[in-house]
Amino acid sequence: MATCDVCGNEYANSFTVTQWAVTGTFDSFECAIHAMAPRCAHCRCAVIGHGIESAGVVHCCEHCARHAAA
């Protein structure tokens, strides 16, 4: 049984996610997203879809990208 890096829950069906050089152990996708998803540079929500990247900055949607550029 492994322990979730985010919530500390011990869970028999935990899993690991590796992103570049960072690996984490999680008990749910919710915890994995909380720990590893990029954040929108404008509204700070977790970008779990495609998002929009411009000049190395990630936004969750076109709306936030436009507001950040203004």
Side-chain angles (χ1 to χ4, degrees):
M1 216 180 307
T3 303
C4 178
D5 293 342
V6 173
C7 69
N9 185 35
E10 291 183 10
Y11 187 53
N13 295 316
S14 62
F15 56 93
T16 59
V17 174
T18 301
Q19 182 181 42
W20 301 290
V22 178
T23 298
T25 301
F26 307 104
D27 67 341
S28 66
F29 286 115
E30 179 183 11
C31 286
I33 289 166
H34 178 76
M36 300 187 87
R39 298 283 167 174
C40 175
H42 179 70
C43 72
R44 305 303 302 157
C45 76
V47 179
I48 59 173
H50 292 287
I52 297 171
E53 185 175 349
S54 177
V57 178
V58 176
H59 293 94
C60 62
C61 63
E62 182 65 31
H63 174 81
C64 283
R66 278 194 314 268
H67 279 323

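This is a predicted model, so every value here is computed, not measured.
Under a cut-off of 6.0 angstrom, the local environment of CZ in Phe15 is crowded, with over 12 non-hydrogen atoms contributed by other residues, nucleotides or ligands. Taking a 6.0 Å sphere around CD of Glu30, one finds it holds 12 or fewer heavy atoms contributed by other residues, nucleotides or ligands.
Looking at Met36 and Phe26, their side chains come closer than 4.5 Å, going by heavy atoms from C-beta outward. Asn9 is listed as a side-chain neighbour of Tyr11, based on a closest heavy-atom distance under 4.5 Å. In this structure, the side chains of Cys4 and Ser14 stay at 4.5 Å or more apart for every pair of heavy atoms. No side-chain heavy atom of Arg39 sits less than 4.5 Å from a side-chain heavy atom of Val47.
Considering only residues two or more places apart in sequence or on other chains, Cys61 meets the side-chain contact (heavy atoms from CB on, under 4.5 Å) condition with His63, Cys64.
Heavy atoms only, all atoms of each residue included: Thr23 and Asp5 are closest at O-OD2, 4.4 Å. In terms of heavy-atom proximity, Val6 sits nearest to Cys31 at CG2-O, 3.4 Å. Residues Gly8 and Thr3 come closest through the heavy atom pair O-CG2, 3.3 Å.
No path of Ile, Leu, Val, Met, Phe, Trp and Tyr side chains, each step under 4.5 Å between heavy atoms, connects Val22 with Ile48, placing them in separate hydrophobic clusters.
Here His59 and His42 keep their ring centres 6.0 angstrom or further from each other.
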Inset, instruction - Determine, stepwise, if the pair Asp27 / Cys7 fulfils side chain to side chain contact (heavy atoms under 4.5 Å, CB included). - result: CA-CA 8 Å; Asp27 67 341; Cys7 69; 3.5 Å; yes
